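Reviewing the structure listed below.
The analysis underlying the following values was restricted to heavy atoms, covering all of them including side chains, and did not include hydrogens, waters or symmetry mates. Since we're looking at a predicted model, the values are computed, not measured. In the text below, chain A, chain B and the rest are named by the order of the sequence lines, each starting its count at 1.
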Amino acid sequence: MKLAIMGAGAVGTSVAELASTYDHTVTGIGDSSSAAVDPDGLDVGAVLERKRTNNTVGRSAPEDLLDGEYDVLIEATPTTLGDAEPGYSHVTSALERDRHVVLANKGPVAERYDDVRRVEQKSEGTMLFDATVGGAIPVVSTIEAFDSDSVTAVRGVLNGTANFILSRMATDSLDYEHVLAEAQDLGVAEADPTFDVDGTDAALKCVIIANVLYGGGYTIEDALVEGIQNVPASALSLAAEDGRTIRLIGDVADERILVGPRLVPESGTLAVSGTQNIVQIETQHAGRLNVSGRGAGGHETATAVLRDVGLLE
Amino acid sequence: MSDRDPVRAHTVRLELDDEPGELLNALGPIADNGGNLLSIFHERGNRTPRGQIPVAVDVEATPERFDRIVAALRDAGVNVVQAGTEHYGDELTVVLVGPLLESNLSETLSRIESESDCSIKNVTLSIGESATDPSSARLRLAVHTGASDAALDAVRGVAYDQELQVISPLAGGESA
Ligand SMILES: NC(=O)c1ccc[n+]([C@@H]2O[C@H](COP(=O)([O-])OP(=O)(O)OC[C@H]3O[C@@H](n4cnc5c(N)ncnc54)[C@H](OP(=O)(O)O)[C@@H]3O)[C@@H](O)[C@H]2O)c1
């Protein structure tokens with residue numbers, strides 16, 4: 001397959017790096033100001049080297065990439081709320097050209113799910129987005145593997161940064177500010193960790209899950225979201241005295257979305273530690289499924305992207 | 001025969017003077033009349049308007065024995081403010097967090113009990129160390145069987161008014 005990759009950050013560059021091991025050809029790589037395009041296949045190593053040294057990928061304009069030759073557009077630009085731009089326009093212009101789209105960017109399927117599905121319906125192309133929820137963990141495809149009527153609830157730990165902070169606060173009785181600074185030093189938290197700690201990122205993933213389960217209609221406005229910024233060390237120690245701990249849990253059930261810090265059994269399935277993610281899928285006839293693993297990271301997310309690409313062949 | 005009546009959990013609310021021996025004095029009639037003591041929640045930090053300490057005692061007994069216990073308590077001069085014969089089948093643990101927690105604790109607790117139709121069995125307070133590390137309180141609530149969700153909603157409502165955050169168990173999932 002010929003891949004055009006929009007976004008040359010952690011995810012976009014990882015997809016470019018790993019594409020050849022899956023026998024795909026990269027015909028375009030774009031960032032916020034430039035693009036490299038070659039219908040016969042780019043020299044990925046050279047493009048990524050240019051990105052590293054000059055912070056540019058090529059001489060073409062990003063729009064040329066969308067006009068170029070490719071079977072699948074990989075959308076890996078920043079997740080934004082509201083109009084979900086620039087991702088939304090990238091997705092729709094590829095679909096309007098009857099190309100497939102694989103998303104890592106959560107915005108279009110969280111904030112404008114019904115809009116993109118409408119465009120997809122008129123297109124010969126298909127849109128897949130398993131990488132948007134749970135990184136390497138196949139969450140969307142696992143839910144879709146069931147008849148969505150038979151899935152009664154989906155819940156879990158969907159943000160590795162928040163989970164790292166809470167689990168470190170609990171094990172070492174440290175306060176929030178201290179652990180957050182440490183997480184930033186370790187590269188676990190970004191310089192601006194707002195969306196991770198205020199629950200927005202986990203909520204967007206839950207919104208995507210709700211859109212899959214209930215056939216669309218959800219945006220972040222429909223989620224009740226609380227963050228972990230105000231969880232003090234004292235709350236974690238009170239929980240621990242009782243055999244419990246606190247995790248940021250996203251919960252989709254009964255057509256509603258709740259995200260917030262919750263008490264969970266300390267040695268229970270949901271109390272994963274560090275940056276791990278876990279998703280529990282509650283089914284009507286097959287009990288409970290637990291899927292856990294690495295919920296973020298360039299190569300992890302790229303692996304999920306390329307798994308989706310494989311389904312389009 | 002009355003002794004074959006079902007044994008149930010009951011909550012007795014007492015108000016005791018803050019004097020040594022008062023609590024022991026109140027527990028005597030319970031044991032003497034065949035009640036099985038389940039828990040005592042002694043709100044030492046709180047005072048009623050009359051300057052007494054509120055105490056909630058959970059007792060297991062047949063309805064008939066429970067009536068005898070309440071009568072015996074009153075005979076012994078204990079101030080029984082409420083004697084519930086309700087059965088609280090479920091337990092719910094929540095943690096409340098917020099900088100205003102300590103100053104409003106007793107109001108928060110009494111509102112939770114009246115608005116969520118539950119009985120607070122135990123409160124543990126952990127005082128925060130700084131402005132960025134506010135205090136927390138763990139509440140163990142006895143709620144009517146099957147009414148945990150409704151109780152939780154009521155707790156959330158009270159917490160919202162009192163500017164507190166509620167950390168609740170996950171509904172539906174593995175209950176903690
Ligand atoms: N990182 C993860 O673990 C992970 C996991 C799951 C999903 N995701 C999602 O995947 C997406 C990419 O994540 P990331 O970590 O790779 O982000 P990132 O490192 O911030 O990279 C974003 C890339 O998008 C480019 N970009 C920004 N605006 C653009 C525009 N208008 N047109 C074309 N390119 C544009 C940026 O260009 P410049 O280089 O010029 O700034 C940058 O190369 C995000 O939506 C994220 O939420 C990430």
Side-chain angles (χ1 to χ4, degrees), chain A residues 152-157 166 169 173-181 199 224 226-254 256 258-271 278-282 288 290, chain B residues 39 41 45 90-103 105 108-109 120-143 148-153 155-157 159-160 162-176:
Chain A
T152 54
V154 180
R155 67 179 80 88
V157 171
L166 290 175
M169 283 174 73
S173 308
L174 296 167
D175 71 25
Y176 172 80
E177 299 295 337
H178 181 108
V179 178
L180 174 59
L224 211 62
E226 279 179 304
I228 63 160
Q229 310 96 306
N230 299 320
V231 174
S234 60
L236 283 150
S237 57
L238 282 178
E241 282 171 20
D242 216 31
R244 300 165 209 235
T245 190
I246 299 171
R247 289 291 185 270
L248 180 67
I249 306 281
D251 186 12
V252 183
D254 303 328
R256 51 135 195 66
L258 301 174
V259 178
R262 301 274 180 267
L263 291 167
V264 296
E266 205 167 21
S267 51
T269 332
L270 287 173
I278 180 160
V279 176
Q280 279 187 343
I281 301 171
E282 207 80 57
R288 175 182 295 165
N290 294 306
Chain B
S39 76
F41 173 43
D90 284 349
E91 208 177 79
L92 179 68
T93 298
V94 298
V95 174
L96 301 180
V97 176
L100 300 175
L101 180 69
E102 291 129 279
S103 44
L105 188 61
T108 303
L109 296 180
I120 297 179
K121 300 184 73 171
N122 178 287
V123 178
T124 310
L125 189 64
S126 172
I127 307 293
E129 271 153 30
S130 65
T132 57
D133 191 27
S135 298
S136 308
R138 186 183 62 227
L139 274 52
R140 190 163 298 142
L141 313 176
V143 299
S148 292
D149 284 352
L152 199 52
D153 280 347
V155 171
R156 287 217 177 87
Y160 180 83
Q162 307 279 68
E163 294 176 46
L164 299 171
Q165 186 175 13
V166 185
I167 303 175
S168 61
L170 194 59
E174 324 166 26
S175 54

Quiz item: Between Ser234(A) and Pro134(B), is there a donor-acceptor pair closer than 3.5 Å when you use the side chain of the first and the backbone of the second?
Solution: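 Looks like yes, one N/O pair under 3.5 Å.
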Quiz item: For Ser135(B), what residues pass the side chain to side chain donor-acceptor pair (under 3.5 Å) criterion, not counting sequence neighbours?
Solution: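 Ser135(B): side chain to side chain donor-acceptor pair (under 3.5 Å) contacts with Glu102(B).
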Exercise. Answer with side chain, backbone, both or neither: which region of Leu238(A) has an atom nearer than 4.5 Å to a non-hydrogen atom of chain B?
Key: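 It is both, since atoms from each part get that close.
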Exercise. Could you tell me which portion of Ala233(A) (side chain, backbone, both or neither) has an atom closer than 4.5 angstrom to a non-hydrogen atom of chain B?
Key: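 The answer is both parts of Ala233(A).
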Exercise. Go through the steps for Asp242(A) and Arg140(B) under the test side chain to side chain contact (heavy atoms under 4.5 Å, CB included), then give the verdict.
Key: CA-CA 10 Å; Asp242(A) 216 31; Arg140(B) 190 163 298 142; 2.6 Å; yes
Practice problem: Give the minimum heavy-atom separation between Ile167(B) and Leu263(A), together with the two atoms involved. | Solution: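 Here Ile167(B) and Leu263(A) meet closest at O-CD1, 3.6 Å.
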Exercise. Grab the two heavy atoms, one from Pro169(B) and one from Arg262(A), that are nearest each other, plus how far apart they are.
Key: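 Pro169(B) and Arg262(A) have their closest heavy atoms at O-CD, 4.1 Å.
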Quiz prompt | Results of salt bridge (Lys or Arg N to Asp or Glu O under 4.0 Å) for Glu241(A) - residues two or more places apart only | solution =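 With neighbours one apart ignored, the set is Arg138(B).
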Quiz item: Atom CG in Leu170(B), atom CD in Gln280(A): separation rounded to 0.5 Å?
Solution: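 With rounding to 0.5 Å, CG (Leu170(B)) is 7.5 Å from CD (Gln280(A)).
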Quiz item: Where does Val95(B) contact chain A at under 4.5 Å (heavy atoms): side chain, backbone, both or neither?
Solution: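 Both the backbone and the side chain of Val95(B) come within 4.5 Å of chain A.
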